[in-house]
Visitor: 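Okay, handing you the structure first.
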Amino acid sequence: MPLDRLVLIIIAVLAAAALTVYVGFLLMAAATVPPLLFAIVPIITIAAYIFVRVIRDRTNNAEDDHYDQIER
């Protein structure tokens with residue numbers, strides 16, 4: 001497994017854990033202030049969309065895989 005893919009997996013796991021904690025806190029806050037929930041949903045959706053696009057770009061970019069084909 002290439003080093004850049006391993007680092008990408010580690011970063012993705014850390015980002016997912018941080019996002020889970022953040023969303024949990026936001027949902028707890030939204031339980032006390034109901035209109036806040038309507039403001040949180042679009043922010044979470046946009047963050048998830050950007051995260052998915054970055055991961056897709058990193059895994060499907062042929063230019064990044066150029067050095068994986070070089071024999072050592």
Side-chain angles (χ1 to χ4, degrees):
M1 175 183 304
L3 181 61
D4 62 338
R5 190 161 294 168
L6 178 64
V7 171
L8 181 63
I9 290 170
I10 291 171
I11 290 172
V13 168
L14 290 175
L19 186 64
T20 301
V21 171
Y22 181 69
V23 168
F25 281 124
L26 286 178
L27 290 176
M28 286 188 332
T32 60
V33 183
L36 185 61
L37 183 62
F38 295 115
I40 293 172
V41 171
I43 294 171
I44 294 171
T45 306
I46 291 171
Y49 175 74
I50 291 171
F51 183 71
V52 168
R53 291 294 302 218
V54 167
I55 296 298
R56 279 189 189 163
D57 182 55
R58 291 289 300 150
T59 56
N60 294 333
N61 193 351
E63 292 177 7
D64 287 342
D65 296 334
H66 171 72
Y67 294 106
D68 292 345
Q69 305 300 327
I70 296 175
E71 292 185 31
R72 298 174 189 178

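Small disclaimer: the values here were computed from a predicted structure and weren't measured.
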Visitor: Once you round to the nearest 0.5 Å, how far does CD1 of I9 lie from CZ of R58?
Guide: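 Nearest 0.5 Å value for the CD1-CZ distance: 11.5 Å.
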Visitor: Can you tell me how far apart OG1 (T45) and CD1 (I50) are? Round to the nearest 0.5 Å.
Guide: 11.0 Å
Visitor: List in chain and number order the residues that pass side-chain contact (heavy atoms from CB on, under 4.5 Å) with F25, two or more places apart in sequence or in another chain; answer none if no residue qualifies.
Guide: V21, M28
Visitor: Return the CD1 to CG distance between I11 and L6, rounded to the nearest 0.5 Å.
Guide: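 The CG atom of L6 is 10.0 Å from CD1 of I11, to the nearest 0.5 Å.
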Visitor: Residues in side-chain contact (heavy atoms from CB on, under 4.5 Å) with I44, at least two apart?
Guide: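 So I44 forms a side-chain contact (heavy atoms from CB on, under 4.5 Å) with V23, I40.
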Visitor: Does L8 sit in a hydrophobic cluster with other residues, and if so which ones, taking ILVMFWY side chains as linked at heavy-atom separations under 4.5 Å, directly or through other members?
Guide: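 Members besides L8, by chain and number: F51, I55.
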Visitor: Given the rule that I, L, V, M, F, W and Y join up when any side-chain heavy atoms are under 4.5 Å apart, are L26 and I46 in one cluster?
Guide: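 In one cluster with L26: I46, no.
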